[in-house]
Structures are given as structure tokens and as C-alpha cells.
> 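Take a look at this one; I'll ask things after.
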Amino acid sequence: MKDKAHIVVIGTGGTIAGRGASSVNTSDYACSVLSIDEVLSGIPQAHAIARVSAEQLMQIGSENFSTTHLLTLGKRIDTLLKQDDIDGIVVTHGTDTIDETAYFLHLTLKSSKPVVVVGSMRPPSSLSADGPLNLYNAILVAGSETSHGKGTLVVANDEIHSARDVVKTSTFKLESFRSPYGPLGYVVEGSPRYYRTPARRHTLSTQWSIDAIDELPEVGIVYAHGGIDAAVIDATAQSGVRGLIYAATGNGNVAAHVVGALQRARRRGVQIVRASRTGSGIVIRNAAQPDDEYDWLVVDDQVPQKARLLLMLSLGSEQRSADLQDAFYRY
Ligand code: DGL
């Protein structure tokens, strides 16, 4: 019989490492205060299913994650995955930007070994804390042969999500993590069960490798609303960004009075990408706006915060608009 899988759990902070003064407060607490060893001490059951090693790489709320943090985390995971004696990685992470970090890893890691990013909505000090079971399940998923080759995964609330699709959708509910096409599978009675696999390219089949990336160009997001001021677009375009994701209303509609500002930004060399603030659905090229004529791009079905990461990576390796557009259809 094969030995237990060796899983490295990397702590980065978040609510899963938080502590509140009251066990009934699930929103008012300090996050990122417990060490990864303290977090793991809450689930001694994990040692029955895996050989667990832990390391504290960071201790921050995920709203503080920058490009530098993404690169530091990605490179550390890359180093660990290259070791023959390590079978999988679990990253404990704040939930605010868990979808962004997981997607970045999904696009840049060069391994078929499982990488699972996990967080919790309630701190360990609260009644019905979700962190302990989420973390146990994440270790289980990372140690399972069935998780190989599926890209980076996010495990929460008994569900296994693809990093490409998952988004945090609620400020406080346990069922906050949603994928527009549903999770890849569930953790049921102590074992992962998959029902589908990611269709788009990830990890070994992408054009990026984390060990070759040392910096990324900046890309900004402008969130549309009724009465939006074109000055916001001008200011973003002049801030040094190489791309601007316009989180438009509905299916990528752009108010007539800001079309000129986006065209000005494009003439400055800033790539303009039409996205949607709705949270799901497809933005069709040349439908709501003449993208070919303006030399703008569309996100396909990607949410603005992940479209930003994809454009940052794409701009680092491609310059032609056609290639950048193609990336949104490939990944
Ligand atoms: N500070 C937030 C973060 O780290 C807390 C939210 C959470 O972890 O659930 O993302």
C-alpha cells in the first residue's frame, strides 16, 4: 500500500487564521493572527489522512495581496512541487481575493500535482466555524490521485471548485463560493468525488511559467455605474497602466458619454477590455460596441478581477491585440 500523501500546508493568513472575542460574532474579529501550526492543531484528524508539513509564508488579510505576494507564493509553491517527496500543496488564504490568487496559480504553475487554496468565512473561535472541515477537506483533496491534472482548486463548504470559475459572492454566508457552471465535485463522506473537469487550458498547458516571471505590467479596473464620470477613466489611463478592464453594465454596454475617454485611453496605448459587472455571462465581441473598429477586447465570460490577471500575464508575453483577445478565448 502507498504511504500517506505528503502535503505541505502554506499559511498566508485570513479568517481561517482569525480570532474573535465572542463565539457568536462571525464578522467582527481579527484576521491573520493564528500561526499555521495553531490552525493545524485544530484538526489532528488530518494526520490520519496525510503526512502534513506546515510553513508560514505570510500572515496577511488577502485584501492586501499585491503582485509581489502572488509571485512570492507562486515561486515557493513551484519550488516545493519540484520535490519528488511532496505530493500536493494546500494554501490557507483569506477569502476576499482567494479567487484571484487561485486563478493566478492555475495559469502559471507547471505541475499536475494538486494545489488547493482554502479559506473560511468564520474564524476558528466562532460557533459552527467552517475552517477546520474546509482545511481537512483541502488536505484530503490535495492528497487524492483523482485531483491530479485539474489545475488549482478551491475547496469550501464541501465543494471543489476550479480556480478559473470560482468567485466569492457573499460577505458572510458559508455558501459564498460559486462557479457559474457549478463546482467540479464534492467532498463526500471523506473522499473527493469529481463530476467534470476544466475545459480551458491551465497549469501545464498555458504559455506562462512562474519561474520565468519576475514582474507583471499593471492593469486597472474601472467599475461602471449610472452617471459615471469620464474623468475616472482618464485618470486610470494616465496612471501608468498598460490595460484597463471596464466592468461595464449588463452585457458590456458602455455609456455614450464615456466612449470617448476609452478611445483616448486606447490611443495612449492602453488596452481596453470590455467586461461585465453582473458577475456572470458572456460579453460578445462587436455586439454592444464595435470592438474591431476601436481596437478593444472582450473578456468572453471572465469576471473583471480575473480578466485583470489574465491581461497582466498576456501583456507580459504578447503585444498584438489579436493575440490578447485569443487569450480570453483560450484560458
Ligand atoms: N481579511 C479578509 C481576507 O483575508 C477576511 C475574509 C476571510 O478570510 O474570509 O480575505
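Both ligands and their constituent atoms are indexed starting at 1 by order of listing.
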> I would like to know whether Thr152 and His202 meet side-chain hydrogen bond (donor to acceptor under 3.5 Å, both in side chains); could you show each step before the answer?
CA-CA 8 Å; Thr152 302; His202 58 79; over 6 Å; no

> When clusters are formed by joining ILVMFWY residues with side-chain heavy atoms under 4.5 Å apart, either directly or through shared neighbours, do Leu309 and Val91 land in the same one?
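They do share one cluster, since a chain of ILVMFWY contacts under 4.5 Å joins Leu309 to Val91.
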
> Would you check ligand 1 and list the protein residues that come within less than 4.0 Å of it by any heavy atom, ordered by chain and number?
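Correct list: Gly14, Thr15, Cys31, Gly61, Ser62, Glu63, Gly94, Thr95, Asp96, Ser120.
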
> Can you spot which of Arg200, Lys110, His106, Arg201 makes a side-chain hydrogen bond (donor to acceptor under 3.5 Å, both in side chains) with Thr206?
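The option that passes is Lys110.
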
> With sequence neighbours left out, write down each residue that passes side-chain contact (heavy atoms from CB on, under 4.5 Å) with Ser276, or none if nothing qualifies.
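side-chain contact (heavy atoms from CB on, under 4.5 Å) check on Ser276 returns Thr278, Val283.
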
> Can you name the side-chain hydrogen bond (donor to acceptor under 3.5 Å, both in side chains) partners of Tyr294, sequence neighbours left out?
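Applying side-chain hydrogen bond (donor to acceptor under 3.5 Å, both in side chains) to Tyr294 gives none.
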
> Per the side chain to side chain donor-acceptor pair (under 3.5 Å) rule, what does the pair list look like for residues 71-82, sequence neighbours excluded?
Glu55-Arg76, Lys75-Asp214, Asp78-Lys82, Lys82-Asp211

